[in-house]
Amino acid sequence: MFTSQISAVAICRTPYKQKFGIPRQPGLVDVKGYVELVPSLNTVDAIRGIEQYSHLWLLFCFHENLAQGWKTTVRPPRLGGNEKLGVFATRSTFRPNGIGQSVVKLHGVVIRKGKVCLEISGMDLLDGTPIIDIKPYIPFSDAITDAKGGIAQDAPELIHVTFSDNANTQLLTLSENAKYARLQPLISAVLAQDPRPAYKKAKDDPKIYQVALYDLDILWQVIDNQVVVLALKPTSVVLLDE
Ligand code: SAM
């Protein structure tokens, strides 16, 4: 038995404003985010030397799922929801201690609005995710080239993404704003992961889906096994303060 009080050391800021659509592991979508140290650790001393590393481990809390609890077995989406595995044999977001871990690329240290931040990319985290620890990634020990990947040996297959004329026109207008400079490649990379549940992929699926990126809702549909981006509109998700 041990007791420990764990609290956030930082908050992750990302373009992903809702869980649906976030890549299922890190490194799948090349998009920038920030790890903002909390006020009690808001000093460059806490990260002095970190720029010597190209990648970091982020340990974090699946805070949006804590209220839903966890089960000893889960049905991984990769297996179409048909097979059960033990929670510790998966990277399920519903876990006894609700802890996740991701390797992300480190681009540098920046100060944003008085907050010491690590500029990162490749994260699979919801905006506002509490980070409970940050550690350097050490290739000689952490990279295991002959490791077996179980049910997740290979990266997920990608699906082709196209944009309707309407979406292209909207993107053109938005591109005048610097904050949307890389929006089109981001939408393509996120939707190429095909965020739909596995059981939807096997049959015709007329549903119109929505993912929230930055302050936009992206509406899309799968037609003839291709994602078609239909439209972009101001998001209905309540956003955290920047
Ligand atoms: N790489 C991590 C791991 O293995 O522990 C996370 C893998 S988990 C399968 C990735 C998914 O977690 C994302 O697709 C997203 O839906 C979900 N997620 C990300 N941040 C979350 C948060 N703060 N609370 C709950 N779910 C979150």
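Numbering of ligands and ligand atoms starts at 1, following listing order.
- For the residue pair Ser92 and Phe62, the shortest heavy atom distance occurs at O-CE1, 4.1 Å.
- Few gaps surround NZ on Lys19; more than 12 heavy atoms of other groups in view lie less than 6.0 Å from it.
- Geometrically, ligand 1 and Gly100 share no nitrogen or oxygen pair separated by less than 3.5 Å.
- Scanning the protein for heavy atoms near atom 6 (C) of ligand 1, the closest one is Asp124 OD2, 3.3 Å.
- Between Tyr209 and Trp220, the two ring planes are parallel [angle under 30°; tilted spans 30° to 60°].
- Around CD of Gln153, the count of heavy atoms belonging to other residues, nucleotides or ligands within 6.0 Å exceeds 12.
- When all heavy atoms of Thr129 and Leu126 are compared, the pair lying nearest together is OG1-O, 2.6 Å.
- Stacking of Arg112 on the aromatic ring of Tyr34 is recorded, both the 6.0 Å distance cut-off and the 45° axial limit being met.
- Of all atoms in ligand 1, numbered sequentially from 1 with element shown, those under 4.0 Å from a heavy atom of Asn65 are 25 (C), 26 (N).
- Contact annotation for Cys61 and ligand 1: only backbone heavy atoms (N, CA, C, O) come within less than 4.0 Å of the ligand.
- With respect to atom 27 (C) of ligand 1, the closest heavy atom belonging to the protein is Phe62 CD2, 3.7 Å.
- Here's the thing with Pro23: one of its N/O atoms is less than 3.5 angstrom from an N/O atom of ligand 1.
- Proximity annotation for atom 17 (C) of ligand 1: of Leu126, Thr93, Thr14, Thr93 comes nearest, heavy atoms only.
- Looking only at heavy atoms of the protein, atom 3 (C) of ligand 1 is closest to Gln101 O, 3.2 Å.
- Of all protein heavy atoms, the one closest to atom 4 (O) of ligand 1 is Arg91 NE, 2.5 Å.
- Between Lys105 and Asp30 there is no salt bridge, since no side-chain N of the basic residue sits under 4.0 Å from a carboxylate O of the acidic one.
- In terms of protein heavy atoms, atom 10 (C) of ligand 1 is closest to Arg24 O, 3.5 Å.
- Selection from Gln68, Met123, Lys19 by nearest heavy atom to atom 16 (O) of ligand 1 gives Lys19.
- The distance criterion of under 3.5 Å between nitrogen or oxygen atoms is not met by Leu125 with respect to ligand 1.
- The existence of a salt bridge linking Asp194 and Arg196 is confirmed by a sub-4.0 Å separation between a basic side-chain nitrogen and an acidic carboxylate oxygen.
- Classification of Glu83 and Arg75 as a salt-bridged pair fails, no side-chain N sitting under 4.0 Å from a carboxylate O.
- Counting atoms of ligand 1 from 1 in the listed order, those under 4.0 Å from a heavy atom of Pro26 are 1 (N).
- Annotation for ligand 1: atoms under 4.0 Å from non-hydrogen atoms of Thr129 are 20 (N), 22 (C), 23 (N).
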